S.K.: 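Below is the structure I would like to discuss, written out as structure tokens.
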Number of protein chains: 2
Amino acid sequence: MAKATRMTKQKKVILEILQNTNCHPSADWVYEQAKKLVPDISLGTVYRNLNVLRDSGEIIELNYGSTYSRYDGKPQNHYHFYCEKCTQLFDVAIPVYQGLDKMVQDTTGYEVKHHRMEFYGLCNQCRE
Amino acid sequence: MAKATRMTKQKKVILEILQNTNCHPSADWVYEQAKKLVPDISLGTVYRNLNVLRDSGEIIELNYGSTYSRYDGKPQNHYHFYCEKCTQLFDVAIPVYQGLDKMVQDTTGYEVKHHRMEFYGLCNQCRE
DNA sequence: GGGGTGAGAGTAACAGTTACCGTTAATTTA
DNA sequence: TAAATTAACGGTAACTGTTACTCTCACCCC
């Protein structure tokens, strides 16, 4: 049987913060926001719950583009754009190429479960 | 004028190690290999040169899929497959989708310079 | 209410990476 | 080719993001 997991106040707050933001925040940013709602929350708790939520598929961890992980409250696969100047992450509104996994599986013989794609360049504000 | 940059024995060794391997090693693995050729090389020197070579476009830094960076001596863009069991990285021999950057640029308005794609799943050895 | 236990707070430890500083050696100039 | 210049070196300490530890708390079922 699956391990029991409780929905604590802290975990709920962390999940809601991620679901209600369009940015792709770091653990530290989540911690700062969570402190406003649960003043004595611990940074360790934030990290623990981010990992728990990631393992249960409720959020996505984005660990590329910089030295720290960012988190995304939308668990559906989608692509991202990383601005090389301001280091912000943006969602890219193009459809996920569903057939790609099977194509790579047929080419390589590996069992392909999913893929990720990121685009790099300059965002609108940083273009000039 | 561009800053002068020297081709030292250490830098040369690091670049050759990366160009002559098919794996996608960590800085530490490169360090171990380099020590065989330059016994008193320092880990700091390995990191410094990996960053220099990455900045000059001679190698690629792959900073996703685990807690440490891996390096790839082939600077041409290509896709990678990450085995979620044995944590090895493999090259994927499908052509890079060149038109994608332009398509995303037209969709988003961002200036797209390049993209990366990684596939996740199980490699041949880990499938059974 | 009492016993069991998953999760919390607080903090120490850890890993990968970077920065510092005195020294060495690659390159330039003569 | 020898001297001068200075980027890069080796060795090490520090830094950063993350995880682990320990003790305590709060929830749940009877």
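Residue numbers start from 1 in every chain, and the chains themselves are labelled A, B, ... in the order their sequence lines are given, proteins ahead of strands. None of these values were measured; they are calculated from a predicted model.
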S.K.: Which residues pass the side chain to side chain donor-acceptor pair (under 3.5 Å) test with B:Asp28, not counting sequence neighbours?
M.R.: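 With sequence neighbours excluded, B:Asp28 shows a side chain to side chain donor-acceptor pair (under 3.5 Å) to no residue whatsoever.
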
S.K.: Please enumerate all protein N or O atoms sitting under 3.5 Å from an N or O of nucleotides 22-29 of chain D, with distances to 0.1 Å.
M.R.:
none

S.K.: D:dA8 C1' sits how many Å from B:Ile14 CD1, rounded?
M.R.: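 So the CD1-C1' distance, B:Ile14 to D:dA8, works out to 11 Å.
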
S.K.: Checking one residue: B:Tyr68. Which other hydrophobic residues are in its cluster under the side-chain 4.5 Å linking rule?
M.R.: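 Besides B:Tyr68, the hydrophobic cluster comprises nothing; the residue is isolated.
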
S.K.: Between the two end axes of the helix from C:dG1-D:dC30 to C:dA30-D:dT1, each built from 5 base pairs, what angle do you get to the nearest 10°?
M.R.: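 Axis-to-axis angle, ends of the helix: 40°.
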
S.K.: What residues, two or more places apart in sequence or in another chain, satisfy side chain to side chain contact (heavy atoms under 4.5 Å, CB included) together with A:Asn63?
M.R.: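 A:Glu61, A:Ser69, A:Arg116, B:Tyr64.
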
S.K.: For B:Asp106, enumerate each residue passing the salt bridge (charged side-chain N to carboxylate O under 4.0 Å, His left out) test, keeping only those at least two apart in sequence or located in another chain.
M.R.: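 Listed in chain order: B:Lys102.
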
S.K.: Can you check the A:Leu53 CG to C:dA7 C1' distance for me, whole Å?
M.R.: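 Nearest whole value for this atom pair: 13 Å.
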
S.K.: Does A:Ser56 have any side chain to side chain donor-acceptor pair (under 3.5 Å) partners at least two apart in sequence or in another chain, and if so, which?
M.R.: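 With neighbours one apart ignored, the set is A:Glu58.
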
S.K.: What one-letter contact string describes nucleotides 8-19 of chain C from 5' to 3', where B marks a base within less than 4.0 Å of any protein heavy atom, S marks contact via sugar-phosphate atoms alone, and - marks no contact?
M.R.: SBB-----SBB-

S.K.: If you look only at pairs with a residue in residues 107-128 of chain B, which of them pass as a ring-ring contact (aromatic ring centres under 6.0 Å, His included), with sequence neighbours excluded?
M.R.: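 Passing the test, one end in residues 107-128 of chain B: A:Phe81-B:Tyr110, A:Phe90-B:Tyr110, A:His114-B:Tyr120, A:His115-B:Phe119, A:Phe119-B:His115, A:Tyr120-B:His114, B:Tyr79-B:His115, B:Tyr82-B:Tyr120.
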
S.K.: Could you tell me whether B:Lys74 and B:Asp91 have a side-chain N and a carboxylate O separated by less than 4.0 Å?
M.R.: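 Yes, charged N to carboxylate O under 4.0 Å.
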
S.K.: Suppose we screen for side chain to side chain contact (heavy atoms under 4.5 Å, CB included). Which residues come up paired with B:Lys113, at least two apart in sequence or across chains?
M.R.: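 For B:Lys113, the residues satisfying side chain to side chain contact (heavy atoms under 4.5 Å, CB included) (neighbours in sequence not counted) are A:Glu84, A:Leu122, B:Glu111.
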
S.K.: Which residue pairs pass the ring-ring contact (aromatic ring centres under 6.0 Å, His included) test when at least one of the two sits in residues 19-52 of chain A, sequence neighbours left out?
M.R.: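 Matches after skipping sequence neighbours: A:His24-A:His80.
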
S.K.: Name each donor-acceptor pair under 3.5 Å that joins a side chain in residues 7-18 of chain B to protein atoms two or more places apart or in another chain, with its distance.
M.R.:
residue, atom, partner, partner atom, Å
B:Thr8, OG1, B:Lys11, N, 3.2
B:Lys11, NZ, B:Thr5, OG1, 2.9
B:Lys11, NZ, B:Arg6, O, 3.3

